[in-house]
Number of protein chains: 2
Amino acid sequence: MKKYFDVLRKCRLFREIADEDLIALLGCLGAKVVSFGKKYTIIAEGSPAKYICIMLSGSAQMVRVDYYGNRSIISGIEPSEVFGEAFACAETAEMPVTVIANEPCEVMLIECHRIMHSCSNACGFHQQIIFNLMKNLAVQNLMFHQKLEITACRTTREKLMTYLLLQAKKHGSERFTIPFDRQELADYLEVDRSGLSAEISKLRSEGILTSNRKEFELL
Amino acid sequence: MKKYFDVLRKCRLFREIADEDLIALLGCLGAKVVSFGKKYTIIAEGSPAKYICIMLSGSAQMVRVDYYGNRSIISGIEPSEVFGEAFACAETAEMPVTVIANEPCEVMLIECHRIMHSCSNACGFHQQIIFNLMKNLAVQNLMFHQKLEITACRTTREKLMTYLLLQAKKHGSERFTIPFDRQELADYLEVDRSGLSAEISKLRSEGILTSNRKEFELL
DNA sequence: ATAAGTCTGTTGAAATTTCAACAAAAGGAG
DNA sequence: CTCCTTTTGTTGAAATTTCAACAGACTTAT
């Protein structure tokens, strides 16, 4: 487990927990690590929501395909981020989304009930973990508000500009690289890919931005 | 405070807390009750996010108006529901949304830091409250997933049907009354009101549903 | 280096949404 | 009951999105 310490230290779930306690804690929680190849399904829609997951290496996307066949990307998942916890904590019977590996991944799985019900060893970190989990869920809530701010826009241009402005703020710079290719960005913004490409060209010709593939600069 | 007990017992925040402990707890948390008239602003966009709020009576809507003037309803808030907690717990500087009273309301306000930092009296319920808060945030997360499922749809018809099917499931019946008038439903689904009315008429003429104002029946 | 496959940008036509304006229906106040 | 206000439904035109098809740029594997 030691090789994962650098990522785990950055993970919201383990805030305020000292390195020397972490090993014992992970043991107590029965944490296990699983690897997935590119394009593999990490969590399948419809499967039971038992696990709180932590991305150790690689990246993934949380995705849903609706009744009408529209693919929608709910969020990207990067190393040290927690995912699946909302469904597990809310005791959802079935996962309403799918999580798919973008590239080879290592994921840490912790059974939710190990965290929710205090452990038999009475290890002293449960309270801290629950507090961290709460904070993490609150932050995720904010991310949903951002996502809704984007999807609430009526036109492709408004959605795109709202997204790009949020990215610029997040990166603290007018220049930044986005984590999606065109099709993925379209699925995230919930618009048509070709229309999105056209809109980007238009913004470029209007002198509002410059871009090359995943790199953007707002002018 | 006693007159609010019936609502508070139903509130997620106070699960597993006995009635007789509730009074002491509310005192320890410094809970206060504020009334608002119809159409009054309960929380203003841009104001500091200090409070965890509980709706005691009446109802409200969480709303955002974007840069382009589109009004979007994020959620309806009914008695015993908690709101504003995600922003307070995530320590957001400014509220990104507005909460407006639908009708005369009573709201209980609890300063977030009173819950986050254990109280000086060392009352024994903080852990339970934080656990409840965590569960509540997880459930809210699920609601956002539902909302995203709706807004991810491309057409008015798809959004409307997704919404109505979720409502039918929620009410456990094909007949139900929705909590929005037409304009509000349009703002919730993020579509044009007149287009929404037209779509409802069309579904009616196709024999897919019957409806009268806020009452719907799926056939 | 070449070939195969993927990603991006373009285009035009069809479908859909938005917008503005108005009429009918419902609800409230006096 | 009547007047006034709000809500809902309807319509047609303008704007936008979606869809399908294709070509050029880029990547990857051999």
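Numbered from 1 within each chain, the chains take letters A, B, ... in sequence-line order.
Between the side chains of A/Glu215 and A/Thr177, no donor-acceptor pair is found at a separation under 3.5 Å. In the model, B/Glu106 has a side-chain atom that pairs as donor or acceptor with a side-chain atom of B/Tyr4 under 3.5 Å. A donor and an acceptor atom, one from each side chain of B/Glu85 and B/Asn136, are located under 3.5 Å apart. Using modelled atom types and a 3.5 Å distance limit, the side chains of A/Thr151 and B/Glu190 yield no donor-acceptor pair.
Ring geometry for A/Tyr163 versus A/Phe180: interplanar angle of 30 to 60°, hence tilted.
Among all heavy-atom pairs drawn from B/Thr98 and B/Ala44, the shortest one is OG1-C, 4.3 Å. The shortest heavy-atom contact between B/Pro179 and B/Gln167 is CD-OE1, 4.4 Å.
Remark: A/Arg204, A/Arg213 in residues 203-219 of chain A come within less than 4.0 Å of DNA chain C through at least one heavy atom.
The CD-C1' distance, from B/Gln183 to C/dA20, rounds to 14 Å in whole Å. Put simply, CD1 on B/Ile200 is 6 Å from P on D/dG9, counting in whole angstrom units. At whole-Å resolution of the value, CG in B/Leu196 and P in C/dC19 are 14 Å apart. A/Asp181 places its CG atom 10 Å from the C1' atom of C/dT8, with the value rounded to the nearest Å. B/Lys38 places its NZ atom 14 Å from the P atom of C/dG27, with the value rounded to the nearest Å. One interatomic measurement links the two molecules: CG of A/Leu160 to C1' of C/dT8, which rounds to 15 Å at whole-angstrom precision.
Inter-residue side-chain proximity for A/Leu164 and A/Phe216 is flagged as met; some heavy-atom pair is nearer than 4.5 Å. Put simply, the side chain of B/Met161 does not reach to within 4.5 Å of the side chain of B/Glu199, judged on heavy atoms. No side-chain heavy atom of A/Ile110 sits less than 4.5 Å from a side-chain heavy atom of A/Tyr51.
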Contact list (N/O, under 3.5 angstrom) for nucleotides 11-18 of chain D vs protein:
residue, atom, partner, partner atom, Å
D/dT17, OP1, A/Thr156, N, 2.3
D/dT17, OP1, A/Thr156, OG1, 3.0
D/dT18, OP1, B/Arg154, NE, 3.1
D/dT18, OP2, A/Asp192, N, 2.7

message: Test side-chain contact (heavy atoms from CB on, under 4.5 Å) on A/Asn70 and A/Arg64; report intermediate values, then the result.
response: CA-CA 8 Å; A/Asn70 296 313; A/Arg64 141 178 274 141; over 6 Å; no
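Axis angle, first five pairs versus last five pairs of the helix from C/dA1-D/dT30 to C/dG30-D/dC1: 60°, rounded to 10°.
Residue contacts shown for A/Ser197 include a base, since a base heavy atom lies under 4.0 Å away.
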